[in-house]
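Take a look at the structure set out below.
Numbering of ligands and ligand atoms starts at 1, following listing order.
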Amino acid sequence: MNIVIFGTGYVGLTTGTALAYLGHLVTCVDIDEKKIAALRGGSVPIFEPSLGELMKLARENLSFSTRPEEALQDADVVFLAVGTPSSANGHGQADLSAVCAAATSIGENLRDGFTVVVNKSTVPIGSGNWVESIIADAHSSEDPHRLFTVASNPEFLREGTAIRDILYPDRVVVGSANPAAQAILRELYQPILDQSFEAPLFLPRPKGMSLAPFIATDVASAELIKYASNAFLSVKISFINEIGALAERVGADVTQIALGMGLDSRIGPHFLQAGLGWGGSCFGKDSAALVATAQEYGLEMPIVTAARSINYDLREEVVRRLLGELKILKGRTIGILGLAFKPNTDDLRDAPALDIAERLIERGARVRAHDPVALPNARAKYADSGIHFCDTPEDVVLHSSAVVLATDWPQYRELPWSLLGSSLSDPVILDGRNFLGGDAMAAAGFRYIGLGCQPRDGRPLQRGYVA
Ligand code: UGA
């Protein structure tokens, strides 16, 4: 099939590349000429494991353009994958100006055949109808609706594992009342639904994976499935963090609780890692947009609202903990390990690390920080933040009164902690992801503080064991 994708961000580029790999002819369109030139030259503008390799394998089917009027002339399916950031009004609604511009361009350039326009960006409930009206208004003919329909096909990819999530999904959801659109999109995804494509060597098919069901539903339900999924995952994380706060008070350990809860197949082990909570471009924005949409209908969303407030208070909680440990923050240096909102990405959007750094600097502390991948991004975007960016994690740890581990990059586990601990007097580590292991850090000479766990300081901890 001929596919056009509007937007070459995480969603557009990974989706376009995966569809090209499956054999579709894909044109990725973006208004950013520099980015398109770089993509044409073979460079990959984002850090996303497997993306570069897959782009190489798919290159014959993949092209890049700044000219939608040309690309749209052959398109069977057009995906809208442009950004929908939170709008500047502070009320949580998504800013849909990029969606509007792309839809207008689609309407102006609709070809004579039938085109399925797919909302892939996370857009507010009702956007299917809205996009349809923009396309129809922008088209010159009397009856544009015979030429196109708008479907919803939400993405469920995670940064860092986006390609894997697209090729080996849990489900494919398509919202459309139009049987032709449902059939076209089912055909588009058929190689994924029946796993008939050759798995790339660098990303083998997971052993024992089940085939993904195809959920054919109406547009509003598809749109809400996306919001509800992200909100549920956000709630799950905030729930375990709420339990963590109590665990600490009663002398329990939240990592043990998550293990014990997660083994219940009705609960599941995922998204129960307590710590600094969620960041990134999705959970914060989407939970705010969900609450804002509900308010338009006179509904409160108390569970989602509480999850948000628990999440964002964790960032202040880190500052409270550091105050409790160090007593004085003014003039002290605090180290931060990890800047990206999670490992395996260089994405800094809504990253807890940066929020914490800002709060510490406001209180007169100095901040040194490192990230294995996001450092260039951080240096470019936060040059005036007052954060001292360090090239090595050792340079952070050795010059700080206390260190906060903000992102659970695996390489931080491998640091020479004993050597670092013995070079410092009274070193403190606040493990914001409960990742480094309290016993190991205490043995390395650190005063260890986890979130939802008991502090360790080298003395043995009384604990029961499950055989
Ligand atoms: C999330 C969803 O997981 C995807 O399904 C969805 O498609 C995507 O948003 C989106 O809407 O585009 P993503 O934000 O890339 O994906 O990353 P996640 O792996 O979900 O992590 C989000 C945040 O939650 C990270 O900051 C992570 O550190 C935190 N987290 C995750 C926890 O604090 N605890 C956990 O147990 C799991």
Side-chain angles (χ1 to χ4, degrees), residues 7 9-15 46-49 81-86 94 119-123 153-166 168-173 223-244 254-255 257-259 261-262 267-290 307-308 310-312 314-315 317-318 338-356 374 405-410 431-435 450-452:
Y10 277 96
V11 175
L13 197 53
T14 52
T15 306
I46 50 175
F47 178 89
E48 180 61 39
V82 292
T84 53
S86 286
N119 263 334
K120 193 86 181 157
S121 307
T122 305
V123 286
N153 170 221
E155 53 81 17
F156 302 105
L157 55 90
R158 290 161 294 177
E159 289 181 22
T161 55
I163 301 293
R164 191 173 75 197
D165 293 343
I166 297 171
Y168 311 120
D170 291 334
R171 75 290 209 194
V172 174
V173 175
E223 290 169 346
L224 196 45
I225 284 171
K226 167 69 189 191
Y227 277 103
S229 301
N230 272 4
F232 188 80
L233 294 170
S234 316
V235 166
K236 207 172 171 190
I237 296 170
S238 283
F239 178 81
I240 197 65
N241 282 323
E242 188 172 75
I243 294 293
V254 75
T255 61
I257 297 165
L259 176 70
M261 283 173 65
I267 297 174
H270 306 293
F271 283 71
L272 286 179
Q273 187 190 349
L276 269 177
W278 79 69
S281 67
C282 303
F283 286 175
K285 169 173 76 78
D286 291 355
S287 56
L290 186 62
R308 287 177 54 77
I310 289 170
N311 190 67
Y312 288 106
L314 287 163
R315 300 170 183 196
E317 175 65 9
V318 168
L339 292 163
F341 81 97
K342 68 175 204 175
N344 288 317
T345 179
D346 64 351
D347 196 336
L348 298 168
R349 286 176 288 178
D350 197 17
L354 291 163
D355 202 348
I356 291 165
L405 180 109
T407 315
D408 40 347
W409 283 101
D431 185 352
R433 299 290 174 185
N434 298 325
F435 173 71
L451 292 176

Legend entry - Nearest-0.5 Å distance, CG of residue L314 to CD1 of residue I310: 8.0 Å

Legend entry - contact_flag K236 ligand 1 heavy-atom lt 4.0 Å: no

Inset, instruction - Would you check whether K342 has a nitrogen or oxygen atom less than 3.5 angstrom from a nitrogen or oxygen atom of ligand 1? - result: yes

Inset, instruction - Would you check the N or O atoms of G280, main chain and side chain alike, for any that come under 3.5 Å of an N or O of ligand 1? - result: no

Inset, instruction - Give, for atom CG of L224 and atom OG of S229, the distance between the pair rounded to the nearest 0.5 Å. - result: 9.0 Å

Inset, instruction - Return yes when G275 approaches ligand 1 closer than 4.0 angstrom through a heavy atom, no otherwise. - result: no

Inset, instruction - Provide the closest heavy-atom pair for A406 versus L276 in the form atom of the first, atom of the second, distance. - result: CA-CD1, 3.7 Å

Inset, instruction - Measure the shortest side-chain to side-chain distance between W409 and N344 over non-hydrogen atoms and say whether it is less than 4.5 angstrom. - result: yes

Inset, instruction - Evaluate the side-chain proximity of E159 to I46: yes if any heavy-atom separation is below 4.5 Å, no if none is. - result: no

Legend entry - E317 CD to I356 CD1 distance, which is reported to the nearest 0.5 Å: 10.5 Å

Inset, instruction - Measure N230 to ligand 1 on non-hydrogen atoms and call it side chain, backbone, both or neither using the 4.0 Å cut-off. - result: side chain

Inset, instruction - Tell me which protein heavy atom sits closest to atom 34 (N) of ligand 1, plus the residue, atom name and distance to 0.1 Å. - result: Q273 O, 3.0 Å

Inset, instruction - Please write down residue, atom name and distance for the protein heavy atom closest to atom 14 (O) of ligand 1. - result: F341 CE1, 3.7 Å

Legend entry - Under-4.0 Å heavy-atom contact with ligand 1, by part of Y10 that carries it: neither

Inset, instruction - Calculate, to the nearest 0.5 Å, the distance between atoms CD1 and CE belonging to I240 and M261 respectively. - result: 5.0 Å

Inset, instruction - For atom 32 (C) of ligand 1, find the nearest protein heavy atom and state the residue, atom name and distance (0.1 Å precision). - result: I237 CD1, 3.6 Å

Inset, instruction - Tell me which protein heavy atom sits closest to atom 28 (O) of ligand 1, plus the residue, atom name and distance to 0.1 Å. - result: R433 NH1, 3.4 Å

Inset, instruction - Measure the NZ-CG distance between K226 and L290 for me, rounded to the nearest 0.5 Å. - result: 12.0 Å

Inset, instruction - Report the nearest protein non-hydrogen atom to atom 15 (O) of ligand 1: residue, atom name, distance rounded to 0.1 Å. - result: E159 N, 2.8 Å

Legend entry - Backbone or side-chain N or O of F156 under 3.5 Å from ligand 1 N or O: yes

Legend entry - Inter-residue atom distance T14.OG1 - D165.CG, 0.5 Å rounding: 9.5 Å

Legend entry - Beyond-backbone contact of Y227 with P154, side-chain heavy atoms, under 4.5 angstrom: no

Legend entry - Min N/O separation L272 to ligand 1 under 3.5 Å: yes

Legend entry - Heteroatom distance test (G279, ligand 1): nitrogen or oxygen, under 3.5 angstrom: yes

Inset, instruction - Looking only at distances, please establish whether an N/O atom of ligand 1 is found under 3.5 Å from an N/O atom of C282. - result: no

Inset, instruction - Work out whether the distance between some heavy atom of K226 and some atom of ligand 1 is less than 4.0 Å. - result: yes

Inset, instruction - Indicate whether the side chain of T345 and that of Y10 have a donor and an acceptor atom separated by less than 3.5 Å. - result: yes

Inset, instruction - Please write down residue, atom name and distance for the protein heavy atom closest to atom 7 (O) of ligand 1. - result: L157 O, 2.8 Å

Inset, instruction - For W278, counting its heavy atoms only, list the atoms of ligand 1 lying under 4.0 Å from any of them. - result: 23 (C), 24 (O), 26 (O), 29 (C)

Legend entry - Any N/O pair R158/ligand 1 closer than 3.5 Å: no

Inset, instruction - Might you point out which heavy atoms bring I225 and V173 nearest each other, and give the distance in Å? - result: CD1-CG1, 3.9 Å

Legend entry - Option with minimal heavy-atom separation from atom 1 (C) of ligand 1, where the choices are F271, F283, Y227: F283

